[in-house]
Visitor: 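Below are the structure tokens for one structure; questions will follow.
Predicted, not measured: the structure shown is a model, and the values here were computed from it. Atoms within each ligand, like the ligands themselves, are counted from 1 in listed order. In this chain, numbering begins with 1 at the start of the sequence shown.
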Amino acid sequence: MKVQHYREIDPLPVEAIEEATEGLTIRRVISEVDGATEFTMDVFEIERGGHSAFHRHPWEHQIFVLSGEGTLNGSDEPARFAPGDVIFIAADEPHQIVNDGDTLVEFVCLIPKAALAAYYLGRAAERNLPGVA
Ligand SMILES: [Zn+2]
């Protein structure tokens, strides 16, 4: 078991794994390091005016918005989100999360671990980076 405040966990090197982001901090708060076998839990922070990459990948996201307001861009009409909202992004659905509000956006993002690990290990190999899955 583990109980730990998420801000005690060092952020990931976002620039090594995500292009075209702005003002993004990602903490991988639960992962295989903790013995998790099915899911990875990330906590994202997006500064005012920042955004995640507009991307797609073969795994889903399950998101719970903790704070801030912003816009979810994708293949549908842009959708507003606010604290307490849940967001589901299916596998291979294009998506981008934008902080166009006045405060820090924070959300929890669950990712199925196996697909994520395979993808990032492949990317790291392509770019001669150490494994960052
Ligand atoms: Zn994504």
Side-chain angles (χ1 to χ4, degrees):
M1 289 189 284
K2 161 175 156 171
V3 178
Q4 186 177 16
H5 195 279
Y6 78 95
R7 285 189 187 267
E8 294 173 358
I9 296 167
D10 288 337
L12 294 175
V14 173
E15 63 285 351
I17 57 171
E18 286 272 8
E19 296 100 3
T21 67
E22 187 69 42
L24 189 64
T25 300
I26 306 174
R27 288 182 172 86
R28 184 140 294 161
V29 296
I30 301 175
S31 71
E32 70 277 1
V33 172
D34 306 299
T37 59
E38 305 300 325
F39 285 91
T40 291
M41 181 187 288
D42 290 348
V43 177
F44 279 66
E45 297 176 355
I46 307 179
E47 297 168 12
R48 285 177 61 179
H51 57 82
S52 65
F54 191 98
H55 67 182
R56 58 193 293 175
H57 40 62
W59 61 83
E60 67 192 35
H61 285 315
Q62 298 185 6
I63 291 172
F64 186 91
V65 180
L66 299 169
S67 71
E69 295 185 10
T71 301
L72 172 66
N73 292 322
S75 48
D76 298 329
E77 288 294 300
R80 299 288 301 163
F81 65 81
D85 286 344
V86 294
I87 298 170
F88 176 65
I89 299 164
D92 290 321
E93 220 178 348
H95 57 278
Q96 178 188 43
I97 296 172
V98 179
N99 181 354
D100 51 14
D102 294 329
T103 59
L104 184 70
V105 164
E106 293 176 289
F107 58 87
V108 172
C109 182
L110 293 177
I111 304 167
K113 187 179 153 314
L116 178 76
Y119 177 83
Y120 280 130
L121 284 173
R123 289 266 306 249
E126 279 171 24
R127 301 167 67 193
N128 293 318
L129 292 168
V132 286

Visitor: To the nearest 10 degrees, could you say what angle the Zn ion (ligand 1) makes with NE2 of His55 and NE2 of His61?
Guide: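 Roughly 170°, rounded to 10°.
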Visitor: Using every non-hydrogen atom in the two residues, find where Pro83 and Ser67 come nearest and quote the distance to one decimal.
Guide: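 It is CG-CA, 3.8 Å.
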Visitor: Would you mind naming the N, O or S atom of His57 nearest to the Zn ion (ligand 1)?
Guide: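 Result for His57 and the Zn ion (ligand 1): NE2.
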Visitor: Should we count CD of Gln4 as having more than 12 external heavy atoms under 6.0 Å?
Guide: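 Enclosed: over 12 neighbouring heavy atoms sit under 6.0 Å from CD of Gln4.
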Visitor: As a quick check of understanding, evaluate side chain to side chain contact (heavy atoms under 4.5 Å, CB included) for His55 and His95, giving each step before the final call.
Guide: CA-CA 6 Å; His55 67 182; His95 57 278; 3.0 Å; yes
Visitor: How are the rings of His57 and Trp59 set relative to one another: parallel (under 30°), tilted (30 to 60°) or perpendicular (over 60°)?
Guide: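 Plane angle under 30°, so parallel.
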Visitor: N/O/S atom of Cys109 under 2.8 Å from the Zn ion (ligand 1), yes or no?
Guide: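 Short answer: no, not a single N, O or S atom is under the cut-off.
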